[in-house]
Amino acid sequence: MRTSRIAAVALAAALAVAGCSSDSQGDAKASDTPAVPKGFDVPDGVTLTKGGTTLATGKPGTVVYEGASNATSAVTVTVSRIAKGSIKDFRFFSLDAAAKASTPYYVRATIKNEGPAGLGGASLPLYAHDDANTNIPANPIVGAFKPCQPSKLPSSFLPDASAKVCLVYLVPKGHKLDSVVLQPGTTEDAVSWKP
């Protein structure tokens, strides 16, 4: 039960962040040249996805991700499934009123580190984007959660490694999921997947 309480605190914190994460994603348009940080060389054989691109589930998108400790790598993300869950899945969690009224979504994705840096334990900027033009961060789940786990990259995630993740998003009451957005920089750099 202690694990559920810790997870509930994390869920509530993420909901609070979501409320102030409004962004201008709806105004983003594809740029001709994908964003590349100064001094970064795109690995051979890797093609970056243009910012503003909308992909179907199952289709990969590749961006440059600048992680902690100046670890910068190209990553390819394939969102394979976007599923609407039930708040009943959280019946063993102590949720606040806002969380209880929300709609959960489970997003399954495969992530490949194209290199050159290691990205162990990183949390990619993969958001749920709702019809209020708000980017909602994934909710960290502490402990086992059968409908959707794990939620972050393994502690060792070197170039050429790939991992499957499942991310939990709580979309606030009165709003609908519009897309899943990979936003490594500005809204113009974002790549999205429609449910």
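Computation of the quantities below employed the complete heavy-atom set of this structure, encompassing side-chain atoms and omitting hydrogens, waters and symmetry-equivalent molecules.
Looking at residues two or more places apart in sequence or on another chain, you find a side chain to side chain contact (heavy atoms under 4.5 Å, CB included) between Ala163 and Leu153, Pro154, Phe157.
Side chain of Asp96 to main chain of Lys100: no donor-acceptor pair is present (N/O by atom type, distance under 3.5 Å, no hydrogens or angles). Although no hydrogens or angles enter the test, the distance criterion places a donor-acceptor pair under 3.5 Å between the side chain of Trp193 and the main chain of Lys59. One N or O on the side chain of Ser86 and one on the backbone of Lys88 form a donor-acceptor pair closer than 3.5 Å. Formation of a donor-acceptor pair under 3.5 Å by the Asp131 side chain with backbone atoms of Lys176 is found in this model.
Remark: the Thr62 side chain and the Thr49 side chain contain no N/O donor-acceptor pair separated by less than 3.5 Å. Donor-acceptor pairing under 3.5 Å is recorded for the side chains of Asn135 and Gln183.
Closest heavy-atom contact between Ser179 and Pro195: CA-CD, 4.1 Å. Residue Gly115 comes nearest to Pro43 through the heavy atom pair O-CG, 3.4 Å, listed as atom of the first residue, atom of the second, then distance. The shortest non-hydrogen separation linking Asn139 to Tyr169 is OD1-CA, 3.5 Å.
Close placement of the Phe93 and Phe145 rings is indicated, their centers lying within 6.0 Å of each other.
In terms of hydrophobic clustering, with Ile, Leu, Val, Met, Phe, Trp and Tyr side chains grouped at heavy-atom distances under 4.5 Å, Leu48 and Leu124 are assigned to different clusters. Val107 and Tyr127 fall into different hydrophobic clusters, where Ile, Leu, Val, Met, Phe, Trp and Tyr are joined by side-chain heavy atoms under 4.5 Å apart, directly or via other members.
Using a cut-off of 4.0 Å between Lys/Arg side-chain N and Asp/Glu carboxylate O, Asp178 and Lys194 are scored as salt-bridged.
Listed by first then second residue, pairs satisfying salt bridge (charged side-chain N to carboxylate O under 4.0 Å, His left out) with a partner in residues 105-122 read Lys112-Glu114, not counting sequence neighbours.
A tilted orientation is assigned to the rings of Tyr106 and Phe90, their planes being inclined by 30° to 60°.
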